[in-house]
Protein chains: 2
Amino acid sequence: MGTDNPEREKRILDAASDLFAHYGYDKTTVSDIARAAGVSKGAIYLHFESKDALFEGLLIREMEQYGQKWVERVMADPDGGSIATMYKQTLYAWTESPFMAAMFKQDRRVFGNYLRKPDNFFRRLEGGRGQSTRHEFIALMQAAGAVRTDISAQVIAHVMNILAYGLVAMDDVIDAEQIPETEALIEGMGLLMEQALAPPGGGNQEAAKQIIEQLVAGVQQQFTALREEESESK
Amino acid sequence: MGTDNPEREKRILDAASDLFAHYGYDKTTVSDIARAAGVSKGAIYLHFESKDALFEGLLIREMEQYGQKWVERVMADPDGGSIATMYKQTLYAWTESPFMAAMFKQDRRVFGNYLRKPDNFFRRLEGGRGQSTRHEFIALMQAAGAVRTDISAQVIAHVMNILAYGLVAMDDVIDAEQIPETEALIEGMGLLMEQALAPPGGGNQEAAKQIIEQLVAGVQQQFTALREEESESK
DNA sequence: ATTTGACCAGATTTGTAATTTTGGTCAAAT
DNA sequence: ATTTGACCAAAATTACAAATCTGGTCAAAT
């Protein structure tokens, strides 16, 4: 916004991140954030137009960090070509980002009344390009012969969504001690999906690798667009 | 209880089932149930000691019906020997029983304040034999060579739980139109799990079939025990 | 030019008393 | 012997004013 002081803005966002994650949107006041960030309340309004704009700025930062982490992970993975390992990296990046997990859960404890706002971040998101990305990706994989075609891309994508959701949300419904540890779970899901998705003859690894690289590039681009979109918003 | 009039008890439970499913535990009054069942309020207390006892009686009846439906389905399935088809039948039975789905979700809209009670049905259940049944079953399957052994039974069982949960709970988190229709989803999950769980060489079908038959018998027995347990409770 | 924090109107929460509803009972009706 | 529904104490809901808090501003300080 009006002020150019990225270091202070970062301090504000860091403080906000802690407080929102711990106390949730409703119970975290702007004064709390100012105190925790060691700045005056007025200073916050030099960086953000409103509490909501600050909150959304934080969401965007977290999404960017998640996206970045994901890209790094997938590119660093020696076996990065298979859907299964890519999926695994998605799940790892996911669980490492409490905010992303909360976002997916639409966690009422964290997001509180923010979710009731008529033009909140999520509603604006799903208005534009939908969540459809994942099933389009699966369809590409199928066309390339890297994924079995006897199950529709929509169904496969949805099953993958359910697993990701269950990974972060299952602890609301059964007690924690019944749940295997996260790493074992992710590795297991990776192995299961690898075998589950393989086409009859065994997948076309090269084609898969190419599509994944394309996807990675696409995601990076998408985040750039998102950032621009925000800098012009209310 | 004190009165022997199974026909009237059924009417009460049927009415209660409709009302609880529609309005939830909190908003459904005993008088509502009496009116809908066409009996006086007093009559209800001839069958059930309290509103809670009635509610729990309903839960037990629904669980029994679910169990019965499941047993029928699995036994009727021509390909009943494989884990995948058994799992599919589980999911079908599940989705056909709105109450079971609500139970698994611990749906606050349906169960309301009942869940806050210190000694509610669910707490009593998990005190005794745990939810562990499913992973013990997987372990048996592994020992018999019908399921791959490079993933722990706990992890496999939990993944199956997540899918079952996602099947009924996902509509709280993304809007319905994004979700594939239930049948396609269940069939897809069955196919995916079939391939995902197969051991390297291909499964030992005969051993699997035997274990499943054993499980079916065990479940029937368990429900008998449950019913006795309830008839002596408060 | 920046930054601050006292200040304010509007929203939220709290305290509380009046009102209504509900689970459960039992004398009377059948 | 059964069944009923008017009745009751306890619990939940509503009503509403007083008190508090919060997002946002801006004159004053730096």
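Each chain gets a letter, A, B and so on, in the order the sequences are listed, and its residues count up from 1. Remember, predicted model here, so these are calculated numbers, not experimental data.
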Please give, in whole Å, the distance from [N] [atom2] to [X] [atom1]?
X        : N      : atom1 : atom2 : result
A:Tyr114 : D:dT22 : OH    : P     : 20 Å
B:Phe48  : C:dT22 : CZ    : P     : 20 Å
B:Tyr25  : D:dA11 : OH    : C1'   : 13 Å
B:Lys41  : D:dT4  : NZ    : C1'   : 12 Å
B:Tyr45  : D:dT2  : OH    : C1'   : 18 Å
B:Asp26  : D:dA12 : CG    : P     : 10 Å
A:Leu54  : D:dG23 : CG    : P     : 10 Å

Under 6.0 Å between ring centres, would you say that holds for B:Phe55 and B:Phe111?
-> yes
Given C:dT3, D:dT25, D:dT3, the nucleotide with the shortest approach to the side chain of A:Leu46 = C:dT3
Winner on side-chain proximity to B:Lys51, out of C:dG5, C:dG23, D:dT22, is C:dG23
Quick one: which of A:Asp77, A:Ile211, A:Leu215 gives a side-chain contact (heavy atoms from CB on, under 4.5 Å) with A:Met86?
-> A:Leu215
State whether B:Arg124 and B:Glu56 are salt-bridged, where the test is any N-O pair (Lys NZ or Arg NE/NH1/NH2 against Asp/Glu carboxylate O) under 4.0 Å.
-> yes
Output yes when A:Arg11 and A:Asp14 qualify as a salt bridge under the 4.0 Å nitrogen-oxygen rule, no when they do not.
-> no
